[in-house]
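Here is the structure we will look at.
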Amino acid sequence: MAMAALRREGRRLLLPMASQATIGAARSGLVAEEMVPFGARSISTQVVRNRMKSVKNIQKITKAMKMVAASKLRAIQSKAENSRGLWQPFTALLGDAAGVDVKKSVIVTISSDKGLCGGINSTSVKVSKGLHKVTSGPDKEVKYVILGEKAKVQLVRDSRKDIEISITELQKNPLNFTQVAVLADDILKNVEYDALRIVFNKFHSVVSFIPTVTTVLSPETVERESEGGMLGNLDSYEIEGGETKAEVLQNLTEFQFACVLFNASLENACSEQGARMSAMDSSSRNAGEMLDRLTLTYNRTRQASITTELIEIISGASALEG
Amino acid sequence: MIRQSSSCLRLLKRGGSLLSANRSRFISSAAADVPATATENSTFIEAWKKVVPNIDPPKTPLSFMTPRPPVPSSIPSKLTVNFVLPYLSELSAKEVDMVIIPATTGQMGVLPGHVATIAELKPGVLSVHEGNDVKKYFISSGFAFIHANSFADIVAVEAVPIDHIDSSLVQKGLADFQQKLNTASTELEKAEAQIGIDVHSALNAALTG
């Protein structure tokens, strides 16, 4: 009798211990929220199963996003590579005077509108802020022109008064030169500048994007520098067309800005798609690993519940016999 | 010489190190055509490292471009032409005998050894002569840079080979724009119609001439 009572006690003790053990196992499977109700016989694998279902869905979504980014990258990469010849004549003629000393400097930051593309937008914003520090000084002013939603969000936080224009939804229609030329015209009309510095991510390969800055000078600055500064040999060029040299220089710098902006936006769009591809790829891989871990926890939980049932049955049977 | 020495002085004044000053003297004496901006970039990189030491300095287009050869001592036999459009590099580093470009001051022939020129282009025919064959393109407008080392860069917004142009469409377009000019009221409409007429008459001339 006493033995039976002891065994009954043992059973009652076993149950809370079993539930505590499952709680422990469940906690190791990161499902600490749901406590198994006290006195229940079967351990619920529902929570782990729900989590597995959602992780599997996330994996499917990120895989699909990677495929979409890969196809968009293919489409835009050929365009970007074809446009690479566009800025070379200007750099061959005028060079790239990144360290030019000017009073009014405008930083044009190109970024994406959509997120989930890795760290390229943060890199662009960091480089823009660095440029701001390098080019600012006593009686020098530096302003921002922002293309793309992501850079706007980051720069509004601490440099709101320095932002002149911000443009979003650049890629609603596929990028073409006419659209960028109109945009460049808009920017040039509304902003006073001595030098424009365009910050973008140059597409080097699917996994590497190089932050680059291109400098476009205003016609007055070109004149000043050609007289004794960095563009010393520009004076040796004869000017054909237009009435005055100033007129031709103005057309030249405006055309240069449009061409360089076109190439820069294409390269940045390529970098965005490439970065999104690699971000989604690592995200699907992480989801896969998480799924593996959850599956192990699920199996452990399931096996623990089976074992508990067996123990109960067997101890009940042995109690009846002996 | 005076210009180059003043640029050296400016570099020294900027507080550049002795090393960068030496480099500038070397570069400005070696190549008259290659702009002496390699040193300007090094001053930029130094300025960047002082102010923002944690982030790598961004690259500039100079690091992505193959440098152009210096001015040769004798006139080369061929002209190297780069003809680029926003969506395509039509000709890149092609060696030809002559190109005729439609500058705003008229058709201009460019031979190897041409003096360095910056030419603004108007809508017209660009012809590339190599040996006996001539390729003609109608370009919308753009710029042409002719460098002293017999390199010619032509940048145009739009270009089509002449045989792709349909003459009936050209006539129709010309008539349309003439009509628009007659009915135009604002300055903007007049200017647009005038541009249309200019381009279409140039197209016409290209097809017939």
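Note on naming: letters A, B, ... go to the chains in the order of the sequence lines (proteins, then strands), and numbering restarts at 1 for each one. Since we're looking at a predicted model, the values are computed, not measured.
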Might you confirm whether atom [atom1] of [X] has over 12 heavy atoms from other residues, nucleotides or ligands at distances under 6.0 Å?
X	atom1	value
B:Lys59	NZ	no
B:Lys94	NZ	yes
A:Lys103	NZ	no
A:His204	NE2	no
B:Gln194	CD	yes
B:Lys78	NZ	yes
B:Lys49	NZ	no

Kindly compute the distance separating [atom1] ([X]) from [atom2] ([Y]), expressed to the nearest 0.5 Å.
X	Y	atom1	atom2	value
A:Phe90	B:Phe143	CZ	CZ	7.5 Å
B:Thr66	A:Gln88	OG1	CD	6.0 Å
A:Thr215	B:Phe44	OG1	CZ	7.0 Å
A:Glu240	B:Met108	CD	CE	4.5 Å

Atom group of [X] that falls short of 4.5 Å from chain A, counting heavy atoms:
X	answer
B:Phe64	both
B:Ile154	neither
B:Ser89	both
B:Tyr87	backbone

Listed partners of A:Asn82 passing side-chain hydrogen bond (donor to acceptor under 3.5 Å, both in side chains), at least two apart: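 Listed in chain order: nothing, the list is empty.
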Side chain to side chain contact (heavy atoms under 4.5 Å, CB included) assessment of A:Leu94 paired with B:Phe145: CA-CA 11 Å; A:Leu94 299 168; B:Phe145 310 133; over 6 Å; no
Pick from B:Val52, B:Ile55, B:Val155 with the largest number of heavy-atom pairs that fall under 4.5 Å of chain A: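 Of the options given, most contacts go to B:Val155.
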Max heavy-atom pair count under 4.5 Å with chain A, selected residue of B:Thr60, B:Val157, B:Thr104: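 Sorted descending by pairs with chain A, the first entry is B:Thr60.
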Side-chain touch B:His147/A:Leu93, heavy atoms, less than 4.5 angstrom: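 Side-chain contact under 4.5 Å: yes.
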Toward chain A: residues of residues 112-124 of chain B with heavy atoms under 4.5 Å: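 So the qualifying residues are B:Val115, B:Ala116, B:Thr117, B:Ile118, B:Ala119, B:Glu120.
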Partner chain B: residue of A:Leu86, A:Ile210, A:Thr212 with the largest heavy-atom pair count (under 4.5 Å):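 Ranked by heavy-atom pairs under 4.5 Å with chain B, first place is A:Thr212.
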Give every donor-acceptor pair under 3.5 Å between a side-chain atom in residues 176-187 of chain A and any protein atom, sequence neighbours left out.
unit_1, atom_1, unit_2, atom_2, d
A:Asn176, OD1, A:Gln179, N, 3.3
A:Gln179, NE2, A:Leu170, O, 3.0
A:Asp185, OD2, A:Lys189, NZ, 3.4

Residue-level interface, residues 126-136 of chain A with chain B, non-hydrogen cut-off under 4.5 Å: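 Residues in range: A:Lys126, A:Val127, A:Gly130, A:Leu131, A:Lys133, A:Val134.
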Least distance between heavy atoms, B:Pro86 atom then A:Ser83 atom: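 What the structure gives for the nearest pair is O-CB, 3.3 Å.
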Contact summary for A:Pro89 and B:Val84, nearest pair of heavy atoms: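 Looks like CG-CG2, 4.0 Å.
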